[in-house]
Amino acid sequence: MIISKPIKDFLEEAGALSIFTGRFFRELFRPRFEFNEMLRQCYFIGVKSLPLVLATAFIMGMVLTIQSRPTLVSFGAESRLPQMVAVSLVREIAPVITALICAGKIGSGIGAELGSMKVTEQIDAMEVSGTNPYKYLVVTRVLATTLMLPLLALVGDAIGIWASFLGANIKGDVSWDLYLLKSFDYLFFIDIFPAVLKTFLFGFAIGIVGCYKGMTSQKGTEGVGRSANSAVVLASLMVFVIDLLVVQMSDLYGIIK
Amino acid sequence: MKAARYYAHSEIAIEIKDLNKSFGNQHVLINLNLNLYKGENLAVLGKSGSGKSVLLKCIVGLVSPESGIVKVLGKDVLGLAQFEMDKIRMKIGFLFQSNALYDSMTVRENLEFPLRRHGLKYNKKEVDDMVFESLSNVSLPETAGKMPAELSGGMKKRIALARTLMMKPDIILYDEPTTGLDPITSREISNLILSVQEKYHSSAIIITHDINCVKIVADRIIMLIDGYAYAEGSYSELANSDDPKIKSFFE
Ligand SMILES: Nc1ncnc2c1ncn2[C@@H]1O[C@H](COP(=O)(O)OP(=O)(O)OP(=O)(O)O)[C@@H](O)[C@H]1O
Ligand SMILES: [Mg+2]
């Protein structure tokens, strides 16, 4: 059977990524857990992406409020503004924006770092000195992104809602207490659950893709650049695909009201 | 020139038999045979791309050959479980061609890294002493706090050597220790390799195409040509050979 080259490449890549992911789970439960290294990675991820997450969540919260107001006013539903903004922020915008920022910042960082370690034989050196590089480098980073993304997204939620309050006050006058109360009117645990669940998945995807691209980097500086770049592209794509799947699932199971 | 000693009567540290390795349809190593005797400095000469680095990587299990036997200190290393392989690797020091210093760590952390797998076996004082001894061996004791990016090429090479010596390995594999360095630094490194042999009684394979380095360090030389051990002998034997393939290295 003749399969065209792009399709073959795609399938091969998907297969290799799956095997890589399988190896992650195998190594995850092997002894010698690199706890300190994981904490260090969590710290770096937080420090690197927090400012960007804060800025974007702030802007998105405010812009969303300003944009939605006229429509709601024309329906005479201006009082619903906080609910509407809060629901879209928490369910969709904060998680996805945070994930995209991390895909760009963390995904490319991991891809470039592991890629350059790979091409300068640092990973071989680790292996030879008796430290399993897969555990030390990959498992720690994937766990760190998986744990940090939900936290960052929650911070994004909070900042977004606060910015939305500021936005509402540009043309209106509402107290913070009331605004917050209204925002949470329509937010139920069942809203937050899929939203938080998917941020774990986003984090996992970003970590795995970054590490996979780095560890399979080709020789030379060009190879390192390419792995950083393709890590961002693939991770961002995965974020959207996961988002679509989670939203479909929660819709099917009647979680979205 | 070194007063080469003859070691063939002592025990074998590394034994390689009929080793084959190819990448795709490029045959890099073809039925390669090689013995390294205990206490000996064996130089392996070969031109660029002849598979010298691949040979060393086969010994430590970074590259798996298609067929052949690789025995390190009497143990067959091919197909060994990870855990067993790590035990063998602890006895081998590997100096990478590209140094492979961890560039996100300081010199001290680089040197301490090989100790990680020993957990709490060493206390702080012992580790400090080991780091200091290693750095003194390469006469760079004041660099402990520096990052690799702040070091010159020759210093990096020496730090990489210091890291290799941290565990006082029985066997040391040097991959082109002097390539890309000026003649003076090259000679320093060569002398360092020699003093390591004398101080720790280690056995070593030195990959190189630097004839001056060979002159200083080698007890025995193997020429890797066309994927196998083409010729073997002492420096003077090979230097006086009539074979044009051998001669071209010594001109
Ligand atoms: N991982 C690999 N994949 C494919 N080919 C490889 C790989 N590693 C080495 N080769 C090929 O094997 C051959 C030998 O490589 P090797 O690195 O051992 O050369 P070398 O003798 O060390 O050369 P140099 O003196 O330049 O370091 C080269 O032609 C190289 O292209
Ligand atoms: Mg080489």
Side-chain angles (χ1 to χ4, degrees), chain A residues 23 26-41 43-45 47-48 106 109-141 144 210-211 214-221 223-224 228, chain B residues 23 53-54 56-64 72 77 80-105 109-121 148-149 156 159-161 163-167 169 171-173 175-176:
Chain A
R23 178 150 183 216
R26 242 179 310 136
E27 303 276 358
L28 181 59
F29 298 109
R30 287 237 188 101
R32 230 209 119 103
F33 188 66
E34 307 279 359
F35 193 70
N36 287 339
E37 177 64 15
M38 192 196 82
L39 282 187
R40 220 168 61 91
Q41 291 303 325
Y43 171 77
F44 282 135
I45 291 170
V47 167
K48 267 196 212 158
I106 310 298
I110 293 177
E113 187 189 8
L114 296 196
S116 72
M117 287 185 78
K118 164 96 183 167
V119 302
T120 56
E121 298 181 312
Q122 291 175 53
I123 289 178
D124 285 346
M126 238 173 226
E127 176 125 31
V128 171
S129 68
T131 292
N132 179 345
Y134 204 95
K135 271 206 89 80
Y136 187 76
L137 300 172
V138 175
V139 172
T140 52
R141 280 170 175 74
C211 290
M215 296 291 270
T216 54
S217 181
Q218 300 293 313
K219 288 262 178 227
T221 21
V224 175
Chain B
F23 294 100
S53 301
V54 170
L56 289 193
K57 286 181 181 173
C58 285
I59 295 173
V60 291
L62 286 173
V63 167
S64 38
V72 177
V77 298
L80 219 53
Q82 177 81 39
F83 164 74
E84 296 281 327
M85 192 69 217
D86 281 349
K87 273 208 276 188
I88 302 259
R89 282 171 175 167
M90 276 163 55
K91 301 194 172 127
I92 305 180
F94 197 128
L95 181 69
F96 283 87
Q97 188 167 358
S98 57
N99 301 326
L101 292 175
Y102 307 123
D103 43 31
S104 61
M105 302 181 196
E109 286 163 343
N110 262 284
L111 296 191
E112 287 172 356
F113 198 86
L115 302 177
R116 286 169 32 86
R117 61 165 279 114
H118 298 275
L120 301 170
K121 189 170 148 196
K156 277 187 196 146
I159 296 298
L161 187 54
R163 186 177 69 182
T164 310
L165 298 178
M166 270 302 270
M167 299 307 303
I171 300 173
I172 308 178
L173 308 175
D175 195 349
E176 307 203 8

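Naming: A, B, ... by sequence-line order, numbering from 1 per chain. Model, not experiment: these values are computed from the prediction.
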* Consider only side-chain N and O atoms of B:S98 and A:E121, and report whether a donor and an acceptor are under 3.5 Å apart. => yes
* Answer yes or no: does atom CD of B:E109 have more than 12 heavy-atom neighbours from other residues, nucleotides or ligands under 6.0 Å? => yes
* To do: Compute whether any side-chain donor of one residue and acceptor of the other, for B:S53 and B:Q97, lie under 3.5 angstrom apart.
  => yes
* Under 4.5 Å from any heavy atom of chain A - which part of B:L101 -> backbone
* Asked: What part of B:D103 gets closer than 4.5 Å to chain A, counting heavy atoms only: side chain, backbone, both or neither?
  -> both
* To do: Go through the atoms of B:K87 and report whether side chain, backbone, both or neither lie under 4.5 Å from a heavy atom of chain A.
  => neither
* To do: For a side chain to side chain donor-acceptor pair (under 3.5 Å) with A:N132, tell me which candidate from A:E34, A:E27, A:E127 qualifies.
  => A:E27
